[in-house]
Each structure stands twice: as C-alpha cells, then as structure tokens.
Amino acid sequence: QVQLVESGGGPVQAGDSLRLSCAASVRTFAWYVMAWFRQAPGKEREFVAALSGSGVVRNYADSVKGRFTIFRDNAKNTVYLQMESLKSEDSAVYYCAGGAGSPGATMVREYGSWGQGTQVTVSS
C-alpha cells in the first residue's frame, strides 16, 4: 500500500480557487493511478478526478469538469487538484486515493490506498 498525506484544504469564498496536494511515500509512484474523491456530510464518498501514472490520461466527474484539474509531479511523488470557480456544493472532505487500475476507475473499492482527507469549505 501507499501512504498518502493530503494538504491544502481550508475555508474559501464561492468563486475562489484552491489547490490540494497529496504526497505519496512509495518508490514506484509513477506506477499508480491517482485520484481524488470527496465526501460531504451525510453523503457517500464520490469520485472527483483520476489521473494515469504517466499524467496523460485524465478522467473527471461531470460536476467538476472544466473547473478542476488533476495533475502530478512524479519526481516529487505528489498529485494535485487545482480547483477553480468553487461553489458551496464543492464543500466536502477531499481524499486522495491510489490504485493499480485505470483512470476510468470511479468506485471507492477500486482504490486500495487512501489519505486521511482534507476539509474544503466554500461559503457563498
């Protein structure tokens, strides 16, 4: 398994931008598909974005397409989620996840490694 540590969350205003980071402690980081999920209070954890090990293939949830960008720096063992034009409905705990599948994987059970989460709160 990969140990993942997220950072970058916090309170923001609607329309603001925020960048989340997820640092991985593994020597073979580039082998892993990395993803971001989020979970709002009372709701199930939902897929946000995923990225292939090479950083070329991306997959986004419809709700964030055009506003969020996932990218990675394999030299730093870090994956990022750049969030623009934030909305109140984006408020959630954001989790970084790593898996051995493809960026098409959008289910929680398809990822074997998880971070502890970072809170994003968007006020309108």
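When reading the values below, keep in mind they use all heavy atoms of this one structure, side chains included, and skip hydrogens, waters and symmetry mates. Values in this document were obtained by computation on a predicted structure and should not be read as measured data.
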(request) Test the Arg72-Tyr80 pair against the cation-pi criterion, namely NZ or CZ under 6.0 angstrom from the six-membered ring centroid and within 45° of the ring axis. (result) no
Do [X] and [Y] have side-chain heavy atoms sitting under 4.5 Å apart?
X: Val12; Y: Thr121; answer: no
X: Asn59; Y: Phe47; answer: yes
X: Val2; Y: Tyr32; answer: yes
X: Thr69; Y: Leu81; answer: no

Supply the atom-to-atom distance [X] [atom1] to [Y] [atom2], rounded to the nearest 0.5 angstrom.
X: Tyr95; Y: Cys22; atom1: OH; atom2: SG; result: 13.0 Å
X: Glu6; Y: Tyr94; atom1: CD; atom2: OH; result: 12.5 Å
X: Arg58; Y: Lys65; atom1: CZ; atom2: NZ; result: 13.5 Å
X: Cys96; Y: Met34; atom1: SG; atom2: CE; result: 3.5 Å
X: Leu20; Y: Phe68; atom1: CG; atom2: CZ; result: 8.0 Å

(request) Check whether more than 12 heavy atoms from other residues, nucleotides or ligands sit under 6.0 Å from atom NZ of Lys76, and answer yes or no. (result) no
I need the minimum non-hydrogen distance between [X] and [Y], along with the two atoms involved.
X: Ala92; Y: Ala40; result: CB-N, 3.8 Å
X: Arg67; Y: Leu86; result: NH1-CA, 3.9 Å
X: Ala24; Y: Leu4; result: CB-CD2, 3.6 Å
X: Phe29; Y: Asp73; result: CE2-O, 4.2 Å
X: Leu51; Y: Val56; result: CD1-N, 4.3 Å
X: Ala49; Y: Tyr60; result: CB-CD2, 3.6 Å

(request) Check the hydrophobic clustering (I, L, V, M, F, W, Y; side-chain heavy atoms under 4.5 Å; chains of links allowed) and say if Phe37 and Val64 are grouped together. (result) no
(message) Using the rule that Ile, Leu, Val, Met, Phe, Trp and Tyr join whenever any side-chain heavy atoms are under 4.5 Å apart, tell me whether Val79 and Val26 fall into a single cluster.
(response) yes
(message) Checking the side chain of Thr118 only, and the main-chain atoms of Gly9 only, is there a donor and an acceptor separated by less than 3.5 Å?
(response) yes
(message) Quick check against the 3.5 Å criterion: does Ser91 have a side-chain atom that pairs as donor or acceptor with the backbone of Val122?
(response) yes
What pairs of donor and acceptor atoms, side-chain ones from residues 98-109 against any protein atom, are under 3.5 angstrom apart with sequence neighbours left out?
unit_1: Ser102; atom_1: OG; unit_2: Gly104; atom_2: N; d: 3.2

(request) May I have all residue pairs that pass salt bridge (charged side-chain N to carboxylate O under 4.0 Å, His left out) and include part of residues 25-44, sequence neighbours excluded? (result) Arg38-Glu46, Arg38-Asp90
(request) Only pairs at least two apart or in different chains count here, so list each side-chain hydrogen bond (donor to acceptor under 3.5 Å, both in side chains) that has a residue in residues 11-24. (result) Gln13-Ser123, Ser17-Glu84, Arg19-Gln82
